[in-house]
A.B. asks: 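Encoded as structure tokens, here's the structure I'll be asking about.
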Amino acid sequence: MAKNITPKEQDYSQWYLDVIKVGELADYAPVRGCMVIRPTGFAIWEMIQKYFDDAFKETGHVNASFPLLIPQSFLAKEAEHVEGFAPECAVVTHAGGEELEEPLIIRPTSETVIGHMYSKWIQSWRDLPILINQWCSVVRWEKRPRLFLRTSEFLWQEGHTAHATKEEAIEEAETMLEVYRRIMVDYLALPVVIGEKTEGERFPGADNTYTCETMMSDKKALQAGTSHYLGQNFAKAFEIQFQDKDGEMRFAYTTSWGVSARMIGALIMTHSDNDGLVIPPRIAPTKAVIIPISTNESKLNDEIIPKAHELKALLNKVLGGRYVQVDTQFHMRPGDRFFYHLQKGVPVRLELGEKELEGQKLRVVRRDTGEKTDVLWSDIETALPKLLEDIQNSLLERAHNFRIENTHKVATLDEFKKVIEEQGGFIEVYFAGTKEDEKAIKDLTGATSRCYPLEYENERGKCFYTGKEGARKSIFAKAY
RNA sequence: CGGGAUGUAGCGUAGUCUGGUUAGCGCACCUGCUUUGGGAGCAGGGGGUCGGAGGUUCGAAUCCUCUCAUCCCGACCA
């Protein structure tokens with residue numbers, strides 16, 4: 001048991017903060033609500049970026065960079081958008097030693113500037129679709145910040161596309177949702193539920209919002225990514241028009257979609273334990289660490305360390321990257337070095353000492369279960385990739401089972417209240433209520449609608465709240 | 001932004017109520033020796049604007065005012 005981490009059973013929030021601190025993922029910045037992502041945390045973000053960026057390119061998107069500062073008047077052009085974002089915008093009023101004629105907002109999201117640019121770039125149906133993504137940070141002034149989950153400035157990716165038809169734009173929003181789902185499941189081992197947001201939970205300015213919802217190990221829900229079908233709302237506000245094949249001028253249909261560094265919070269709260277971080281191998285910047293051990297200095301320097309580097313080179317070649325490290329912290333004793341990597345969530349530890357040297361093998365220890373095995377040097381290049389995949393699969397399976405076990409079906413409000421109070425987790429219900437009904441349920445139980453899962457798109461039943469027939473199946477939960 | 005709590009070395013804390021030597025201790029850090037396969041032992045050592053700013057007082061970590069930050073519970077959101 002780690003002595004520098006509060007057990008999650010004792011205080012979940014404190015556990016989360018301790019894991020971040022001990023794992024050296026992030027630290028507080030001098031400004032309230034802002035965080036510094038430290039090298040260990042940023043390396044995870046870089047892994048996340050790599051997989052998502054590759055998938056965006058694979059689906060035909062290109063990267064660009066739009067400015068941080070946006071004229072305040074832009075925000076006001078779309079009524080719902082301004083209502084949703086104005087309260088959390090940071091505004092620049094002075095620059096160059098003078099008061100600005102028009103204040104500038106620091107982007108809370110970029111629909112408006114990008115819409116402005118798209119209107120300049122798009123003339124003809126031949127200019128469509130336009131498929132651009134940007135990796136950047138945005139600022140939303142948060143009342144209650146939490147490291148990674150909700151900070152005033154956060155790193156994210158925002159894709160913005162414009163299309164000639166409604167169908168194509170909806171398909172884009174759904175395609176990107178599926179891209180998100182696939183990467184979260186396959187790489188981050190986050191078993192997400194994808195679905196549609198209710199009206200009350202929709203993005204300000206969207207006609208429809210899709211979401212990836214995931215369950216944390218305290219049974220609360222976390223939105224890990226969203227994709228929006230924006231209809232013609234922004235096209236009309238920013239005059240994104242094109243001349244169609246028939247010669248008519250038409251407004252384009254736009255989408256936007258994003259995932260943020262919040263996913264690192266999701267990773268922590270899904271997989272980590274009371275000893276610290278547990279990082280799924282595919283997203284782990286360091287997938288295995290070789291720890292040379294010996295009290296015999298000449299043996300250590302002449303045989304063990306060279307062998308460690310040789311194995312590292314071999315394994316990196318097999319894994320296709322700089323994923324295996326050799327631990328050279330010889331001022332620390334072996335136990336300290338084991339703990340160091342354990343707490344940073346490195347999926348596999350490879351011990352190389354005199355015994356292993358003798359037997360031409362490695363002591364292999366997996367982070368998730370602590371299970372130990374011995375593997376011959378000659379077998380490690382096939383055994384390690386296989387073990388990493390095993391760990392990846394077992395983390396996903398465990399998280400998936402956890403969600404299934406903590407998902408409850410109820411039919412009445414009384415049952416709903418009882419389950420939320422006594423068990424928590426996800427609640428599946430048929431729901432046909434309004435925005436106001438949702439608010440009432442939240443006031444009563446603390447739970448909100450997370451989404452209408454696409455999985456149950458065609459199922460209908462009687463609403464647990466209003467009693468109306470023909471209601472869609474929805475998931476409710478307490479959420480971050 | 002409302003309610004509650006907390007700020008003393010990198011981390012955890014004693015001291016604060018009842019003002020009074022040089023602010024004490026554990027972990028971590030530095031040096032040396034002995035150690036070394038799941039958080040080592042001994043000896044020596046370095047590190048503090050007591051969150052910050054004012055004030056009261058002969059004297060403030062301690063009392064008063066203001067302020068900043070963090071945590072928890074709400075309202076608002078990736």
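The chains referred to below are lettered A, B, ... by the order of the sequence lines, with proteins before strands, and numbering in each begins at 1.
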A.B. asks: Using the C1' atom as the reference point in each nucleotide, state the distance between B/G41 and B/U57 in Å, no decimals.
C.D. replies: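 To the nearest whole Å, 49 Å.
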
A.B. asks: Answer yes when A/R367 and A/D273 have at least one side-chain N-carboxylate O distance shorter than 4.0 Å, and no when they do not.
C.D. replies: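 Judged by the 4.0 Å cut-off on N to carboxylate O distance, A/R367 and A/D273 do form a salt bridge.
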
A.B. asks: For a quick test of your reading: what N or O donor-acceptor pairs under 3.5 Å do the side chains of residues 77-85 of chain A make, sequence neighbours left out?
C.D. replies:
unit_1	atom_1	unit_2	atom_2	d
A/E78	OE1	A/E80	N	3.1
A/E78	OE1	A/H81	N	2.9
A/H81	ND1	A/P204	O	3.0

A.B. asks: For nucleotides 42-53 of chain B, read 5' to 3', which letter fits each nucleotide if B means a protein heavy atom sits under 4.0 Å from the base, S means only the sugar-phosphate is that close, and - means neither?
C.D. replies: ------------

A.B. asks: So among A/I291, A/I293, A/L350, which one has a side-chain contact (heavy atoms from CB on, under 4.5 Å) with A/D327?
C.D. replies: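 Passing option: A/I291.
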
A.B. asks: Start with the C-alpha gap between A/F56 and A/W257, add the side-chain angles, then the distance that decides, and say whether ring-ring contact (aromatic ring centres under 6.0 Å, His included) holds.
C.D. replies: CA-CA 11 Å; A/F56 299 158; A/W257 27 273; 5.1 Å; yes

A.B. asks: With a 4.0 Å cut-off on heavy atoms, is A/G33 in touch with a base, just the backbone sugar-phosphate, or nothing at all?
C.D. replies: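 It contacts sugar-phosphate atoms only.
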
A.B. asks: Contact class for A/L222 (heavy atom, under 4.0 Å): base, sugar-phosphate, or nothing?
C.D. replies: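 A/L222: no heavy atom of the nucleic acid under 4.0 Å.
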
A.B. asks: Distance only, no hydrogens: is a donor on one side chain within 3.5 Å (strictly under) of an acceptor on the other, for A/Q232 and A/D207?
C.D. replies: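 The criterion, which ignores hydrogens and geometry beyond distance, is not satisfied for A/D207 and A/Q232.
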
A.B. asks: Could you work out which one of B/C76, B/G37, B/C71 sits closest to the side chain of A/E354?
C.D. replies: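 Ranking B/C76, B/G37, B/C71 by closest atom to the A/E354 side chain puts B/G37 first.
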
A.B. asks: Please list, chain by chain and in numerical order, all residues satisfying side-chain contact (heavy atoms from CB on, under 4.5 Å) with A/E436, sequence neighbours excluded.
C.D. replies: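 If we apply the side-chain contact (heavy atoms from CB on, under 4.5 Å) test to A/E436, skipping adjacent residues, the hits are A/T434.
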
A.B. asks: Identify whether any heavy atom of A/E356 sits under 4.0 Å from a base atom; if not, whether one sits that close to sugar-phosphate; answer base, sugar-phosphate or nothing.
C.D. replies: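 It contacts base atoms.
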
A.B. asks: For RNA chain B, what residues of residues 359-381 of chain A have any heavy atom nearer than 4.0 Å?
C.D. replies: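 Those residues are A/R363, A/V365, A/K372.
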
A.B. asks: With distance as the sole criterion, is a donor-acceptor pair present between the side chains of A/S256 and A/H228 under 3.5 Å?
C.D. replies: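 There is no such pair between these side chains.
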
A.B. asks: Select one nucleotide: of B/U70, B/C77, B/A78, the one nearest the side-chain heavy atoms of A/T226.
C.D. replies: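 So the nucleotide nearest the side chain must be B/A78.
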
A.B. asks: Heavy atom of residues 255-272 of chain A under 4.0 Å from RNA chain B: which residues?
C.D. replies: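 Residues of residues 255-272 of chain A under 4.0 Å from RNA chain B: A/S260, A/R262.
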
A.B. asks: For B/G38, is there a stacking contact with A/F338, counting only centres under 5.5 Å and planes under 30°?
C.D. replies: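 A stacking contact does not exist, since A/F338 is not both close and nearly parallel to the base ring of B/G38.
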
A.B. asks: So, A/E201 and A/S449: side-chain donor and acceptor under 3.5 Å apart, yes or no?
C.D. replies: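 Per modelled atom types, A/E201 and A/S449 side chains form no pair under 3.5 Å.
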
A.B. asks: Would you mind classifying the nucleic acid contact of A/E351 as base, sugar-phosphate or nothing, using non-hydrogen atoms under 4.0 angstrom?
C.D. replies: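 The answer is base, as A/E351 lies within the cut-off (heavy atoms under 4.0 Å) of a base atom.
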
A.B. asks: B/C71 phosphate, OP1 or OP2: any side-chain N/O from A/Y28 under 4.0 angstrom?
C.D. replies: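 For A/Y28, the contact criterion (side-chain N or O under 4.0 Å from OP1 or OP2 of B/C71) is met.
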
A.B. asks: Would you say the base of B/C77 and the side-chain of A/R140 have a donor-acceptor pair closer than 3.5 Å?
C.D. replies: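 Under the 3.5 Å cut-off, the side chain and the base do not form any donor-acceptor pair.
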
A.B. asks: Which pair of non-hydrogen atoms, one from A/D368 and one from A/S394, has the smallest distance, and what is that distance?
C.D. replies: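 Minimum heavy-atom separation between A/D368 and A/S394: OD2-OG, 3.1 Å.
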
A.B. asks: Could you state the atom-to-atom distance from CE of A/M35 to P of B/A69 in whole Å?
C.D. replies: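 Value for this atom pair: 17 Å.
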
A.B. asks: Heavy atom of residues 326-334 of chain A under 4.0 Å from RNA chain B: which residues?
C.D. replies: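 Heavy-atom contacts with RNA chain B come from A/R333, A/P334.
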
A.B. asks: Between N or O atoms, less than 3.5 Å apart, protein on one side and nucleotides 1-5 of chain B on the other: list the pairs.
C.D. replies:
unit_1	atom_1	unit_2	atom_2	d
B/C1	N4	A/K143	O	3.2

A.B. asks: Near RNA chain B, counting only heavy atoms under 4.0 Å, which residues of residues 170-182 of chain A show up?
C.D. replies: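 Correct list: empty, so none.
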
A.B. asks: Please state the P separation for the pair B/G38 and B/G44 - nearest whole angstrom.
C.D. replies: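 Those two atoms are separated by 30 Å.
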
A.B. asks: Between B/C72, B/G37, B/U70, spot the one nearest the side chain of A/S13, thanks.
C.D. replies: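 Within the option list, the nearest is B/C72.
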
A.B. asks: Base, sugar-phosphate, or nothing for A/E142, non-hydrogen atoms under 4.0 angstrom?
C.D. replies: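 The answer is base, as A/E142 lies within the cut-off (heavy atoms under 4.0 Å) of a base atom.
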
A.B. asks: Where do A/E354 and A/S294 land on the side-chain hydrogen bond (donor to acceptor under 3.5 Å, both in side chains) test, with the steps shown first?
C.D. replies: CA-CA 6 Å; A/E354 291 180 45; A/S294 180; 2.7 Å; yes

A.B. asks: Would you tabulate the pairs of protein nitrogen or oxygen atoms and nucleotide nitrogen or oxygen atoms of nucleotides 6-11 of chain B closer than 3.5 angstrom?
C.D. replies:
none

A.B. asks: Taking 5.5 Å and 30° as the limits, would you call A/F154 and the base of B/A78 a stacked pair?
C.D. replies: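 Stacking is present between B/A78 and A/F154, given that their ring centres fall under 5.5 Å apart and the planes under 30°.
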
A.B. asks: So if I take residues 188-216 of chain A and measure heavy-atom distances to RNA chain B, which residues fall below 4.0 Å?
C.D. replies: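 Result for residues 188-216 of chain A: none.
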
A.B. asks: Taking only Watson-Crick and G-U wobble pairs with both distances under 3.5 Å, what dot-bracket line describes RNA chain B, where [ ] shows pairs that cross earlier ones and | shows pairs with another strand?
C.D. replies: ((((((((.[[[[.)....(...]]]].((((((.....)))))).....[[[[[..)....]]]]])))))))....

A.B. asks: What pairs with A/D53 under salt bridge (charged side-chain N to carboxylate O under 4.0 Å, His left out), at least two apart in sequence or on another chain?
C.D. replies: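 Partners of A/D53 by the salt bridge (charged side-chain N to carboxylate O under 4.0 Å, His left out) criterion, ordered by chain and then number, come out as A/K57.
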
A.B. asks: Between A/K299 and B/U36, does any side-chain N or O lie under 4.0 Å from OP1 or OP2?
C.D. replies: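 It does not, given that no N or O in the side chain of A/K299 lies less than 4.0 Å from OP1 or OP2 of B/U36.
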
A.B. asks: Determine the interatomic distance between C1' on B/U65 and the same-named atom on B/G24; round to the nearest Å.
C.D. replies: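 Per the computed distance, 30 Å lies between those C1' atoms.
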
A.B. asks: Name the nucleic acid region contacted by A/I291, choosing base, sugar-phosphate or nothing; use a 4.0 angstrom heavy-atom cut-off, strictly under.
C.D. replies: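 Result for A/I291 = nothing.
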
A.B. asks: Give A/D11 one of three labels, base, sugar-phosphate or nothing, depending on what nucleic acid heavy atoms sit under 4.0 Å from its own.
C.D. replies: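 Nothing, no nucleic acid heavy atom in range.
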
A.B. asks: Hey, do the aromatic rings of A/F476 and A/F416 have their centres closer than 6.0 Å?
C.D. replies: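 Aromatic pair counts; centres sit under 6.0 Å.
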
A.B. asks: Identify which nucleotide among B/C76, B/G37, B/G38 has an atom closest to any side-chain atom of A/R349, counting heavy atoms from C-beta outward.
C.D. replies: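 Closest nucleotide to the A/R349 side chain: B/G38.
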
A.B. asks: Examine the side chains of A/Q134 and A/S110 and answer whether a donor and an acceptor come within less than 3.5 Å of each other.
C.D. replies: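 Their side chains do contain a donor-acceptor pair, which is all the 3.5 Å distance test asks for.
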
